[in-house]
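A, B, ... follow the sequence lines: proteins, then strands. Residue 1 opens every chain.
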Number of protein chains: 2
Amino acid sequence: MSDPTGFAPHDHHACVSTALAAAEAACAERGARLTPLRRRALEILLESHKALGAYDLLERLAAEGLGDKPPVAYRALNFLTEQGFAHRIERLNAYVACSHPDAAEGHGAAFLICRDCGRVAEALADKAPLGADAQDAGFTVEDAVVEARGLCPQCQSGAGA
Amino acid sequence: MSDPTGFAPHDHHACVSTALAAAEAACAERGARLTPLRRRALEILLESHKALGAYDLLERLAAEGLGDKPPVAYRALNFLTEQGFAHRIERLNAYVACSHPDAAEGHGAAFLICRDCGRVAEALADKAPLGADAQDAGFTVEDAVVEARGLCPQCQSGAGA
DNA sequence: TAGCACTCTGTTATAACGTAACGGCCACGC
DNA sequence: GCGTGGCCGTTACGTTATAACAGAGTGCTA
Ligand SMILES: [Zn+2]
Ligand SMILES: [Zn+2]
Ligand SMILES: [Zn+2]
Ligand SMILES: [Zn+2]
């Protein structure tokens, strides 16, 4: 159930197609609109398994004539995160495409962030972390952020990139 | 081992004294200097179990003539977080005093953040969250952030503050 | 005593991240 | 045609954070 894709070599082209197809299907089903701008933003996030800052995304969009003002990027990112096609990484103030487009809508996620190469792997959070502690405290968890920083396999083996 | 202090009524004055004493002891042991500015910053964070933004802290410090430029607040906060006397809450861009001053230096922590009253409870992270997922991926976790948003017991019972 | 190294603080300026608010455009349904 | 609603373009601003340098204090040493 975990499968934290992102570090291991894989067919990334398939990653991208699957995610885009899932996004289109989800939008069709929900009546949401994956406009060209939003779709392009998702494609840019999908290019790598790295997190991209809003202004980095904006720069990419601007280079293609798709808007060069901050709200353009933030609106696209808000749409993508609301729909579950992307996630915000709090520790980085950055955004990453969802690696589990087939998972439940609004799935809980946990992220492994390589401090060297910047790649981010997303593990599905099987169980609520903190469950026991929260229950002890009588606290109702509505949503949780789990972000671990460290070194991915490649960056541990000396391959710095 | 959990004891997520912060929501339940408790002797908060003791909270504060314990934390200050622990900070002084730790500084003495490590050769770090708990200067008046740093000490006052910690005291301010300790006043409540809420997270305080750097600029909120700065405002408080400025009101007491202790500095009114951003680096003053950020330097104090960096010191406090490096020494483990305070933690940064990534989701809030804010800082909270450590509720477990006696725990191991650099202890892993998990936070329960009430979206209504803003109070933050700190649970000691017993086990590395993500342990299994990280191991599957061959990822070495160096430090992890766990932050849950929700409702504390008081705010669930209708007492909105 | 003077000189030096070190740490902490004060200050300027700017970078990075994020949002409110308004106006135009277009597609859709009446 | 005409209103409605969603999306996009733009201006302007707010919030969070850091780089870089200058000054003050302390303790050491020669
Ligand atoms: Zn991929
Ligand atoms: Zn890496
Ligand atoms: Zn307390
Ligand atoms: Zn509350």
State, yes or no, whether a side-chain contact exists between B:Gln156 and A:Thr140 at a heavy-atom distance under 4.5 Å. yes
Taking C-beta and beyond as the side chain, do B:Cys15 and B:Ser99 meet within less than 4.5 Å on heavy atoms? no
Using a 4.0 Å heavy-atom cut-off, does B:Phe79 contact any base of the nucleic acid, only the sugar-phosphate backbone, or nothing at all? nothing
Could you measure the distance from the CD atom of B:Glu90 to the CD atom of A:Glu147? Nearest 0.5 Å is fine.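 Output value for this atom pair is 7.0 Å.
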Proximity to DNA chain D (any heavy atom under 4.0 Å), residues of residues 84-93 of chain A only: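 None - not one residue of the stretch has a heavy atom sitting under 4.0 Å from the strand.
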Mind running a 4.0 Å heavy-atom check of residues 24-46 of chain B against DNA chain D and sending the residues that fall below it, in number order?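 Listed by number, there are none.
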Please name the pair of heavy atoms, one in B:Leu37 and one in B:Leu66, separated by the smallest distance, quoted to 0.1 Å.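 Where B:Leu37 meets B:Leu66 most closely, the heavy atoms are CD1-O, 3.5 Å.
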Summary of salt bridge (Lys or Arg N to Asp or Glu O under 4.0 Å) pairs that have at least one residue in residues 10-20 of chain B, sequence neighbours excluded: none
Sequence-distant partners of [X], salt bridge (Lys or Arg N to Asp or Glu O under 4.0 Å), two or more places apart:
X: B:Arg33; value: none
X: A:Glu29; value: none
X: B:Asp143; value: A:Arg91, A:Arg149

Keeping to residues at least two apart or across chains, list the side chain to side chain donor-acceptor pair (under 3.5 Å) pairs with something in residues 70-85 of chain B.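 Qualifying pairs: B:Arg30-B:Gln83.
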Quick one: side chain to side chain donor-acceptor pair (under 3.5 Å) pairs with a partner in residues 54-63 of chain A, sequence neighbours left out?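 Counting only pairs at least two positions apart or across chains, the side chain to side chain donor-acceptor pair (under 3.5 Å) contacts touching residues 54-63 of chain A are A:Glu47-A:Arg60.
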How many Å lie between OH on B:Tyr74 and P on D:dT16, as a whole number?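 Result: 7 Å.
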For the pair made of CG in A:Asn78 and P in D:dG6, what is the distance, rounded to whole Å? 16 Å
Check every nucleotide of DNA chain C for an atom under 4.0 Å from a heavy-atom of chain B, then give the first and the last such nucleotide from 5' to 3'. C:dT7 to C:dT12
Extract from the structure each pairing of a protein N or O with an N or O of nucleotides 10-14 of chain D at less than 3.5 Å, listing the distance.
{"residue": "D:dT10", "atom": "OP2", "partner": "A:Lys69", "partner atom": "NZ", "Å": "3.4"}

Under 3.5 Å, which donor-acceptor pairs link side chains of residues 39-46 of chain B to any protein atom two or more places apart or in another chain?
{"residue": "B:Arg39", "atom": "NE", "partner": "B:Glu43", "partner atom": "OE2", "Å": "3.2"}
{"residue": "B:Arg39", "atom": "NH1", "partner": "B:Glu24", "partner atom": "OE2", "Å": "2.0"}
{"residue": "B:Arg40", "atom": "NE", "partner": "B:Glu64", "partner atom": "OE1", "Å": "2.7"}
{"residue": "B:Arg40", "atom": "NE", "partner": "B:Glu64", "partner atom": "OE2", "Å": "3.3"}
{"residue": "B:Arg40", "atom": "NH1", "partner": "B:Glu43", "partner atom": "OE1", "Å": "2.7"}
{"residue": "B:Arg40", "atom": "NH2", "partner": "B:Glu64", "partner atom": "OE2", "Å": "3.0"}

Chi angles and distances behind the side chain to side chain contact (heavy atoms under 4.5 Å, CB included) call for A:Val120, A:Leu112: CA-CA 6 Å; A:Val120 174; A:Leu112 304 174; over 6 Å; no
Pairs where residues 10-35 of chain A contributes a residue and the test ring-ring contact (aromatic ring centres under 6.0 Å, His included) is met, not counting sequence neighbours: A:His10-A:His12, A:His10-A:His49, A:His12-A:His49
